[in-house]
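Some notes on the structure that comes next.
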Protein chains: 2
Amino acid sequence: MSEPQPTIREHDLNGTTYTIGELAKEFDVTTRAIRFYEDEGLLSPVRIGSKRLYRRRDRARLKLILRGKRLGFTLAEIRETFNLYDEAHGESQQLRYYLSVLEEKRQHLIRQRADLEETLRELDQSYAHCEQLLAQQEQRKAKDQNAAARRPTRRDPTAATQQDSVAN
Amino acid sequence: MSEPQPTIREHDLNGTTYTIGELAKEFDVTTRAIRFYEDEGLLSPVRIGSKRLYRRRDRARLKLILRGKRLGFTLAEIRETFNLYDEAHGESQQLRYYLSVLEEKRQHLIRQRADLEETLRELDQSYAHCEQLLAQQEQRKAKDQNAAARRPTRRDPTAATQQDSVAN
DNA sequence: GTTACCGTTTACGTCTACGTCAACTATTTT
DNA sequence: AAAATAGTTGACGTAGACGTAAACGGTAAC
């Protein structure tokens, strides 16, 4: 049995670390993608020799990247957010600008939420309508079957079962 | 004054119609994009001579296309939705399949909504934190000002007002 | 020692969603 | 008649986000 230790080496950076493969598996992205995010300035893992080592902060960022992508943000936008966040520590000038950017982002998200809710409403309608159509079909099918039952011919009694498979 | 009539010609298709330019202006997209959506099979305007004429259905679809895009769907996905919708009229087999696709889509949207809400929450936190930092800055600034006021020099008495504008 | 596995760099390929000319037609305005 | 305006069909270009293949290094397992 191999030790469950996370194979950290090299006077151990204190704290948990991850290899690129671990992160890729955990978040279901390719290592290629993760390296690409680094090229684009979104991640900055530590190097141990030539290998990359990712720390809690990197993992958190990767999570944010992927969530951002699911919401349709470009990598450039995500990078901008990171940079802003990193730089918004000091002067009221900076802080005010940051606030305005956040406000803009909020507007975007709220619009998107409206789009989303509307789409969900329409989807529910389609769903209901579809179920209604299906119910009608079932009724008709049942009626046909009854009609067949009321005038039993000498045909094979499994005919009804066969008829079910006609919809195949 | 030109007549407000929508310049329809050619034994008039009954109902409202739009030129490509009108739609482009209304939805703030380029005509190039609209033509591209047609190439991709998402729109099918009527032709009058060589010109395209868009009807209510096309307009509705364009709206859906753009909303879909804002939610991060690809044109291929949007086209699939349209096709499914168009073909889901008949057999229970088809209807059941359509229902399953709708269910899948719902899952996707719900996940996206969760992402969105979480992002909005974090954004609000950032916003609040940022405002707090700003308030601290203001306080410090005010204190500095008071300190200056408690040992009044022979400077211009409007100094305080001027200092307000420093935050500009 | 060699096979397997994980990781690295470099570089070209690909798919999506258009942008950007160019060259032409039809209509309206001056 | 000339110019402006709106539309049309190619055809090529491009930005973003990786995929894919080549060629190599390190280490653990057999």
Side-chain angles (χ1 to χ4, degrees), chain A residues 1-10 17-54 58 61-62 64-82, chain B residues 1-10 17-54 58 61-62 64-82:
Chain A
M1 289 198 187
S2 58
E3 308 105 322
Q5 292 161 25
T7 58
I8 304 174
R9 213 143 296 212
E10 226 80 13
T17 59
Y18 313 84
T19 70
I20 195 171
E22 285 165 1
L23 280 188
K25 200 175 280 181
E26 176 175 0
F27 292 106
D28 194 34
V29 289
T30 64
T31 59
R32 174 70 180 91
I34 295 180
R35 285 192 207 100
F36 184 72
Y37 299 151
E38 184 179 346
D39 287 348
E40 295 292 299
L42 295 171
L43 295 175
S44 31
V46 165
R47 294 295 182 119
I48 300 297
S50 69
K51 311 283 176 74
R52 293 163 170 85
L53 257 196
Y54 299 84
D58 297 304
R61 283 200 163 197
L62 181 53
L64 285 176
I65 293 169
L66 298 176
R67 204 176 65 190
K69 288 204 59 190
R70 286 197 301 271
L71 292 178
F73 293 106
T74 70
L75 295 185
E77 286 170 324
I78 297 172
R79 179 180 44 217
E80 270 315 290
T81 311
F82 287 169
Chain B
M1 290 201 186
S2 58
E3 307 104 323
Q5 292 161 25
T7 59
I8 304 172
R9 212 142 297 212
E10 227 79 13
T17 59
Y18 313 83
T19 70
I20 194 171
E22 285 166 0
L23 280 188
K25 199 175 280 181
E26 177 175 2
F27 291 106
D28 195 34
V29 289
T30 65
T31 60
R32 175 69 180 91
I34 295 180
R35 285 191 208 100
F36 183 72
Y37 299 151
E38 182 179 348
D39 287 347
E40 294 293 298
L42 295 171
L43 296 175
S44 31
V46 165
R47 294 295 183 119
I48 300 298
S50 69
K51 309 285 175 72
R52 292 164 170 84
L53 257 195
Y54 298 84
D58 297 305
R61 285 200 161 197
L62 180 53
L64 286 175
I65 293 169
L66 298 176
R67 205 178 62 191
K69 287 203 57 186
R70 286 197 301 270
L71 291 178
F73 293 106
T74 69
L75 295 186
E77 287 170 324
I78 298 172
R79 179 179 45 216
E80 270 314 291
T81 311
F82 287 168

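Order of the sequence lines fixes the chain letters, A, B, ..., with proteins taken first and strands second; residue numbering starts at 1 for each chain. Values in this document were obtained by computation on a predicted structure and should not be read as measured data.
- Residue A:Thr19 has its side chain nearest to C:dG7 when only C:dA17, C:dG7, D:dT9 are considered.
- Considering every non-hydrogen atom in both B:Pro45 and B:Leu43, the closest pair reads CD-C, 3.6 Å.
- Remark: A:Tyr18 pairs with no residue by the ring pair (Phe, Tyr, Trp, His ring centres under 6.0 Å) rule, at least two apart or across chains.
- Straight-line distance from the CD atom of A:Glu38 to the C1' atom of C:dT8: 11 Å, rounded to whole Å.
- Regarding A:Leu43, its CG atom lies at a distance of 12 Å from the P atom of D:dC18, rounded to whole Å.
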Between the protein and nucleotides 25-27 of chain D, are there any N/O to N/O pairs under 3.5 Å, and if so, what are the atom names and distances?
none

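- A straight line from CD1 of B:Ile65 to P of C:dT16 spans 16 Å, rounded to a whole angstrom.
- For the atom pair A:Phe27 CZ and A:Ile34 CD1, the distance stands at 8.5 Å (nearest 0.5 Å).
- The ring pair (Phe, Tyr, Trp, His ring centres under 6.0 Å) search around A:Phe73 returns A:His108, not counting sequence neighbours.
- What separates CG of B:Leu53 from P of C:dA26 is a distance of 17 Å, to the nearest Å.
- Among residues at least two apart or in separate chains, side chain to side chain donor-acceptor pair (under 3.5 Å) pairs with a member in residues 36-45 of chain A are A:Glu38-A:Arg52.
- OP1 or OP2 of D:dC18 has at least one side-chain nitrogen or oxygen of A:Tyr37 nearer than 4.0 Å.
- Between the C1' atom of C:dC5 and the NZ atom of A:Lys25 lies a distance of 12 Å, rounded to the nearest Å.
- Defining each end axis of the helix from C:dG1-D:dC30 to C:dT30-D:dA1 as the rotation carrying four pairs' C1' atoms onto the next four, with five pairs an end, the two axes are found to diverge by 10° to 10 degrees.
- Every residue two or more places apart in sequence or in another chain that forms a side chain to side chain donor-acceptor pair (under 3.5 Å) with B:Arg61 is listed here: B:Asp86.
- Considering every non-hydrogen atom in both B:Tyr54 and B:Thr19, the closest pair reads CD1-C, 4.1 Å.
- Identified under the salt bridge (Lys or Arg N to Asp or Glu O under 4.0 Å) test for residues 24-37 of chain B, with sequence neighbours left out: B:Glu26-B:Arg59.
- Of all heavy-atom pairs spanning B:Ala24 and B:Thr31, the tightest one is CB-CG2, 4.0 Å.
- The side chain of A:Arg52 has C:dT9 as its nearest neighbour among C:dT9, C:dC18, D:dT8.
- Nearer the 5' end of DNA chain D, as judged by each residue's closest nucleotide, is the contact made by B:Arg47, out of A:Leu75 and B:Arg47.
- For the atom pair A:Thr81 OG1 and A:Arg79 CZ, the distance stands at 10.5 Å (nearest 0.5 Å).
- Remark: B:Glu80 engages no residue in a salt bridge (Lys or Arg N to Asp or Glu O under 4.0 Å) (not counting sequence neighbours).
- The distance between atom CD1 of B:Ile20 and atom P of C:dC18, rounded to the nearest whole Å, is 13 Å.
- For A:Arg79 and D:dA15, the CZ to P distance is 14 Å, given to the nearest whole Å.
- Protein atom CG of A:Asp39 is 13 Å distant from nucleotide atom P of D:dA17, rounded to whole Å.
- Only B:Thr30, B:Arg32, B:Ala33, B:Phe36, listed by number, bring a heavy atom of residues 27-36 of chain B to less than 4.0 angstrom from any atom of DNA chain C.
- Residues A:Leu62 and A:Asp58 form no side-chain contact, since every pair of their non-hydrogen atoms from C-beta on lies 4.5 Å or further apart.
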